[in-house]
Amino acid sequence: MYIRVISIFSILCILTFQSQGIDKRKKRYKKRKAKTTTTQKSTVQQGTIKTYQPNTMNTLALCQELGLPKWYLAIVKGFVFPNNFQAPSSYRLTTFNQSQMDEYLKSIPFEDSLSKNIILPVYLNRMIPCKTFAIHRVQTMDQALQDKYPNIMSFAGQEVGNPYNTIRIDCDGTQTKFMITYDGEVSYIHPYVFQGKTYYACYSKNDPNFSKDNFEK
């Protein structure tokens, strides 16, 4: 009888220790799970803030051709045009590496050979397909002034395969402006600064938001 009581007591002790061990493991698991969940929530929240800040720019590859300056579609939440500019009803925002563009344009010679190309997003029917143009640099000032202001440059060109589609590029040393005549319609790629960053808006001269002079109607 005594031995039986001891055996029952031993079994109860073992079961108690096992139960305590299971409880401890459950508590540790719950702590780890809670910590992981908190970290995940924090990461998601941080990612959300980073992604949707108004001054954050997300880009998608748009026009890329080997050896030519690359263009990107810019997705900018809250973008607005300057107050002194009548905003177009339809436009697309783009961007590029300004240093890369400047370096490439400076390599284009003053000649009519159209030996160098450039790729541009052309605003057509609310889309911006990429078109390739052959360009050359044009003289807009005498040599003395040009030497004094080397970053002021102008270029002209025509679409590869269709000389009736033309472009004009003007650089003022800070920004680059593009004017494109394609299928008889004039469009622009114009720089606008928004919250400290420069974006290039593509839009048509025929946008309904733009008022026309009588001789243009």
Side-chain angles (χ1 to χ4, degrees), residues 57-76 79 81 88 90-194 197-207 210:
M57 179 179 68
N58 295 324
T59 59
L60 298 172
L62 181 61
C63 303
Q64 300 194 40
E65 190 170 314
L66 186 63
L68 301 182
K70 298 178 177 63
W71 287 80
Y72 302 89
L73 179 67
I75 304 170
V76 188
F79 176 83
F81 286 95
S90 178
Y91 63 91
R92 295 291 182 272
L93 292 180
T94 61
T95 186
F96 55 78
N97 184 302
Q98 188 69 54
S99 298
Q100 182 188 45
M101 180 68 74
D102 291 344
E103 183 179 355
Y104 182 77
L105 291 177
K106 286 178 180 178
S107 71
I108 297 173
F110 288 99
E111 57 184 49
D112 296 330
S113 64
L114 299 174
S115 59
K116 289 216 171 188
N117 293 345
I118 191 168
I119 188 168
L120 301 177
V122 180
Y123 188 92
L124 295 171
N125 299 319
R126 298 192 175 189
M127 304 296 287
I128 45 174
C130 300
K131 304 293 183 179
T132 303
F133 298 85
I135 61 173
H136 67 278
R137 190 169 176 180
V138 296
Q139 192 83 37
T140 57
M141 61 183 75
D142 60 47
Q143 192 58 49
L145 280 176
Q146 186 65 76
D147 293 340
K148 187 176 181 180
Y149 304 103
N151 291 325
I152 297 179
M153 302 178 291
S154 294
F155 304 85
Q158 60 191 40
E159 186 184 19
V160 174
N162 189 345
Y164 295 103
N165 295 329
T166 60
I167 61 170
R168 174 83 181 194
I169 305 173
D170 291 296
C171 309
D172 62 7
T174 304
Q175 298 176 328
T176 307
K177 300 176 182 178
F178 305 82
M179 185 179 78
I180 306 163
T181 302
Y182 202 95
D183 290 343
E185 182 177 351
V186 175
S187 64
Y188 303 101
I189 307 175
H190 199 285
Y192 295 96
V193 177
F194 176 67
K197 295 182 180 180
T198 300
Y199 304 98
Y200 285 79
C202 305
Y203 54 88
S204 171
K205 181 181 179 181
N206 294 334
D207 188 279
F210 298 152

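All values below come from the heavy atoms of this structure, side chains included, with hydrogens, waters and symmetry mates left out.
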Would you give the length of the straight line joining atom [atom1] of [X] to atom [atom2] of [Y], rounded to the nearest 0.5 angstrom?
X: Gln100; Y: Asp102; atom1: CD; atom2: CG; value: 10.0 Å
X: Cys63; Y: Leu68; atom1: SG; atom2: CG; value: 10.5 Å
X: Thr140; Y: Phe155; atom1: OG1; atom2: CZ; value: 9.5 Å
X: Tyr182; Y: Leu124; atom1: OH; atom2: CG; value: 6.5 Å
X: Asp170; Y: Leu105; atom1: CG; atom2: CG; value: 11.0 Å
X: Ser90; Y: Tyr123; atom1: OG; atom2: OH; value: 2.5 Å

Atom of [X], atom of [Y] and distance for their closest heavy-atom approach:
X: Gly67; Y: Tyr104; answer: O-CE1, 3.7 Å
X: Lys177; Y: Pro191; answer: CG-CD, 3.7 Å
X: Leu73; Y: Leu62; answer: N-CB, 3.7 Å
X: Ser107; Y: Lys116; answer: OG-NZ, 3.0 Å
X: Ser204; Y: Phe210; answer: O-CE1, 3.4 Å
X: Arg137; Y: Ser154; answer: CG-O, 3.3 Å

Would a distance-only check, ignoring hydrogens and angles, find a side-chain to backbone donor-acceptor pair under 3.5 Å from [X] to [Y]?
X: Thr94; Y: Tyr200; result: yes
X: Asn125; Y: Met127; result: no
X: Trp71; Y: Ile119; result: yes
X: Asn151; Y: Cys171; result: no

Can you check whether [X] reaches [Y] side chain to side chain, under 4.5 Å on heavy atoms?
X: Arg92; Y: Arg126; value: yes
X: Tyr164; Y: Gln158; value: no
X: Ile118; Y: Ile108; value: no
X: Thr176; Y: Ile189; value: no
X: Leu93; Y: Thr95; value: no
X: Asn97; Y: Lys70; value: no
X: Gln175; Y: Thr198; value: yes

### Task
Mind telling me whether Tyr188 and Tyr203 have parallel, tilted or perpendicular rings, with 30° and 60° as the class edges?
tilted
### Summary
side-chain contact (heavy atoms from CB on, under 4.5 Å) test vs Phe133 passes for just one of Ile167, Asn162, Asn117, namely Ile167
### Task
Kindly confirm or rule out a cation-pi arrangement of Lys197 over Phe79, judged by NZ or CZ under 6.0 Å from the six-membered ring centre and within 45° of its axis?
no
### Message
Within a 6.0 Å radius of atom CD on Glu103, are there more than 12 heavy atoms belonging to other residues, nucleotides or ligands?
### Response
no
### Query
With a cut-off of 6.0 Å (strictly less than), are more than 12 heavy atoms of other residues, nucleotides or ligands near CG of Asp183?
yes
